[in-house]
Amino acid sequence: QQQVKQSPQSLIVQKGGISIINCAYENTAFDYFPWYQQFPGKGPALLIAIRPDVSEKKEGRFTISFNKSAKQFSLHIMDSQPGDSATYFCAARQRYSTLTFGKGTMLLVSP
Amino acid sequence: NAGVTQTPKFQVLKTGQSMTLQCAQDMNHNSMYWYRQDPGMGLRLIYYSASEGTTDKGEVPNGYNVSRLNKREFSLRLESAAPSQTSVYFCASSEGRSGVSRNTEAFFGQGTRLTVV
């Protein structure tokens with residue numbers, strides 16, 4: 001049973017465009033929603049995270065939008081750059097439990 | 001400050017062989033994790049250790065064993081490797097999963113690419 005559904009599986013965006021990756025969850029006890037970025041041959045690294053008491057969090061070109069009623073959250077990458085090409089994972093965590101990851105989105109930003 | 005260090009980086013095993021993947025962290029974290037990553041499957045938790053002296057099964061524990069040797073080290077053992085265990089294995093650590101600390105960031109190692117033939 002997949003608790004965090006991520007889409008799309010892959011995404012191609014032109015340089016300067018907006019990349020949008022979506023995640024949905026069912027467990028209303030989740031209280032922490034991070035996004036991880038993974039470059040080829042490397043381990044995932046935390047990119048940005050949000051808690052359900054806010055609807056949006058922005059760090060530079062990266063923004064998480066969170067819709068608690070719809071049980072959805074998304075990552076927006078503004079002004080996408082070739083260096084943003086990576087695999088992105090959304091995740092969710094219930095207090096006193098471990099992270100549950102989505103299946104990942106492979107992003108390619110074309111020059 | 002090395003973070004999370006995994007050894008080896010690459011390994012080829014024959015079916016039925018055993019091996020241990022090593023992981024060490026230098027961030028004084030309480031919790032450590034082992035994940036496997038397969039194409040299209042994301043990161044799946046194999047085992048975790050919430051604190052020194054404790055281990056628990058994750059989503060896909062069959063065929064694996066773990067040892068939390070001390071606060072720094074958490075090893076993953078394959079007793080009798082199978083081709084289905086061909087994967088990239090990641091070790092991770094975090095300050096704690098108890099929720100007492102709001103710092104829940106997980107730090108990952110560089111991974112071990114394991115092929116079982």
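Each chain gets a letter, A, B and so on, in the order the sequences are listed, and its residues count up from 1.
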Inset, instruction - Verify the neighbour count for atom CD of E59(A): are there more than 12 heavy atoms of other residues, nucleotides or ligands below 6.0 Å? - result: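 Buried by this count: over 12 neighbours within 6.0 Å.
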
Legend entry - Enclosure of M106(A) CE (heavy-atom neighbours >12, cutoff 6.0 Å):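 No.
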
Would you say [Y] ends up clustered with [X] if hydrophobic residues are merged whenever their side chains have heavy atoms under 4.5 Å apart, either directly or through other cluster members?
| X | Y | value |
| --- | --- | --- |
| Y88(A) | F39(A) | no |
| I21(A) | F66(A) | yes |
| F62(A) | W35(A) | yes |
| L75(A) | V13(A) | yes |
| L11(A) | V4(A) | yes |

Inset, instruction - Check whether any side-chain heavy atom of Q37(B) sits under 4.5 Å from a side-chain heavy atom of F89(A), and report yes or no. - result: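 Contact flag for Q37(B)/F89(A) side chains = yes.
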
To the closest 0.5 Å, what do you measure between [atom1] ([X]) and [atom2] ([Y])?
| X | Y | atom1 | atom2 | value |
| --- | --- | --- | --- | --- |
| Q38(A) | F90(B) | CD | CZ | 4.5 Å |
| K103(A) | D38(B) | NZ | CG | 11.0 Å |
| R44(B) | T100(A) | CZ | OG1 | 13.0 Å |

Inset, instruction - Only pairs at least two apart or in different chains count here, so list each salt bridge (Lys or Arg N to Asp or Glu O under 4.0 Å) that has a residue in residues 80-90 of chain A. - result: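 For residues 80-90 of chain A: R61(A)-D84(A).
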
Inset, instruction - Tell me, for P44(A) versus chain B, whether the close heavy atoms (under 4.5 Å) come from the side chain, the backbone, both or neither. - result: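 Both backbone and side chain.
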
Inset, instruction - Output the residues of residues 67-75 of chain B for which the shortest heavy-atom distance to chain A is under 4.5 Å, in residue-number order; output 'none' if no such residue exists. - result: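 Listed by number, there are no contacting residues, so the answer is none.
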
Legend entry - Engaged part of L45(B) at the chain A interface, taking heavy atoms whose separation is under 4.5 Å: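 The side chain, not the backbone.
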
Legend entry - Short side-chain to backbone donor-acceptor contact, Y36(A) and A106(B), under 3.5 Å: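 Checking the backbone N and O of A106(B) against the side chain of Y36(A), a donor-acceptor pair under 3.5 Å is found.
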
Inset, instruction - Give the intermediate values and the outcome of side chain to side chain contact (heavy atoms under 4.5 Å, CB included) for residues F108(B) and L46(A). - result: CA-CA 9 Å; F108(B) 284 79; L46(A) 180 66; over 6 Å; no

